[in-house]
Amino acid sequence: MIKALFFRRFWLIRHRLMTTVSFMVMLPLLLHIGITMVMKNIVVQSIDQVPYDVWVFPGIILLIASVSTFSLIYRDLFDLRIHKKSFIPITLAPYGKTHLVIGFLVTSIIESLVYVIVAMGVLTVLLPEPLNWSAYFIVPLFTLLYTFLLGNLIITFSVLTDRISTYLSITISMFLFILFATGVLVEFDFYPKTIGTLLSYFPLSMILSDLRGILFFNRVEWGPIMIPVATALGWTWLNGYMLKRKLKQ
């Protein structure tokens, strides 16, 4: 099933290759212009004296991973389902619904990694100082974990929601939360203490915080890694169960 979904996605991308590649290149450029170039004039350095251009780099990369993950899961698990297109025949294959969810997750993770690699290449040219070479291995690894968790969140919305207006409202709220409440733009120390502490305990926030700790301070904390992993594994099984109940198969 995973192999079939992968080749299906590859076939779709191949037929609009130039559009996809152009989007991969333009998205990091637009985010750099719209976020980094503006915010660096407001927040010159992080609290730990890391230049803002460099500090925000992992956040921009994971934001790009969020966009690419959403686009794939939206099409396969929401658009095709509510319009009764190719989704139902896929679900009739002799595989469990959890296996099907894993297939969509793996496909979205692979595609997000491609987006991330291209974005890192584009943004590296714009950085005021180069990152350590190890960052180009560490960031994709954390992207895998991040999209594994975020993909489950999007799948939950896609399975439980049947109205486009409701889905769009939830999606916009989700991206606003990612942008302003997971540490993408500013550190949690800039928030009121109680709110900052609360936001730092969200699994998506933990992944980004730990990624910055490794990149900038060579500090690894296993708690912020293992909690999202355990959450994503349990969530995958739950999504498979919810999909089975939704389809009544």
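Residue numbers count from 1 along this sequence.
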What I'd like to find out is whether the side chain of [X] reaches to under 4.5 Å of the side chain of [Y], using heavy atoms alone.
{"X": "Pro58", "Y": "Leu208", "value": "yes"}
{"X": "Ile61", "Y": "Met120", "value": "yes"}
{"X": "Leu179", "Y": "Ile35", "value": "yes"}
{"X": "Phe216", "Y": "Leu131", "value": "yes"}

Parallel, tilted or perpendicular: rings of Tyr241 and Trp237 (30°, 60°): parallel
Shortest non-hydrogen contact between Thr182 and Phe188, atoms and distance: C-CZ, 3.5 Å
Where Leu127 and Val54 come nearest, the two heavy atoms and their spacing: CD2-CA, 4.3 Å
Euclidean distance, [Y] [atom2] relative to [X] [atom1], rounded to 0.5 Å:
{"X": "Ser134", "Y": "Ile214", "atom1": "OG", "atom2": "CD1", "result": "9.5 Å"}
{"X": "Leu198", "Y": "Thr194", "atom1": "CG", "atom2": "OG1", "result": "8.5 Å"}
{"X": "Leu150", "Y": "Leu62", "atom1": "CG", "atom2": "CG", "result": "9.5 Å"}

Pairs flagged by side-chain hydrogen bond (donor to acceptor under 3.5 Å, both in side chains) wherever residues 136-155 is involved - sequence neighbours left out: Ser66-Tyr146, Thr124-Tyr136, Asn152-Thr236, Asn152-Asn239
Name all pairs fulfilling the salt bridge (charged side-chain N to carboxylate O under 4.0 Å, His left out) condition that reach into [range], sequence neighbours left out, sorted by first residue then second.
{"range": "residues 188-208", "value": "none"}
{"range": "residues 173-187", "value": "none"}
{"range": "residues 142-164", "value": "Arg81-Asp162, Asp162-Lys246"}

Side chains of Tyr167 and Ser158, donor plus acceptor under 3.5 Å: yes
Check: Thr69/Ser112 side-chain N/O donor and acceptor closer than 3.5 Å: yes
Arg212 side-chain N/O to Gly183 backbone N/O, donor-acceptor pair under 3.5 Å: yes
Name the atoms and distances for all side-chain donor-acceptor pairs under 3.5 Å in residues 40-48, with sequence neighbours left out.
from, atom 1, to, atom 2, distance (Å)
Asn41, ND2, Met37, O, 3.0
Ser46, OG, Asp48, N, 3.3
Ser46, OG, Val50, N, 3.1

Ile227: hydrophobic cluster co-members (side-chain, 4.5 Å): Tyr201, Met206
Verdict with reasoning, Phe157 to Thr171, per side-chain contact (heavy atoms from CB on, under 4.5 Å): CA-CA 8 Å; Phe157 293 155; Thr171 300; 5.7 Å; no
Exceeds 12 heavy-atom contacts within 6.0 angstrom, atom CZ of Phe137: no
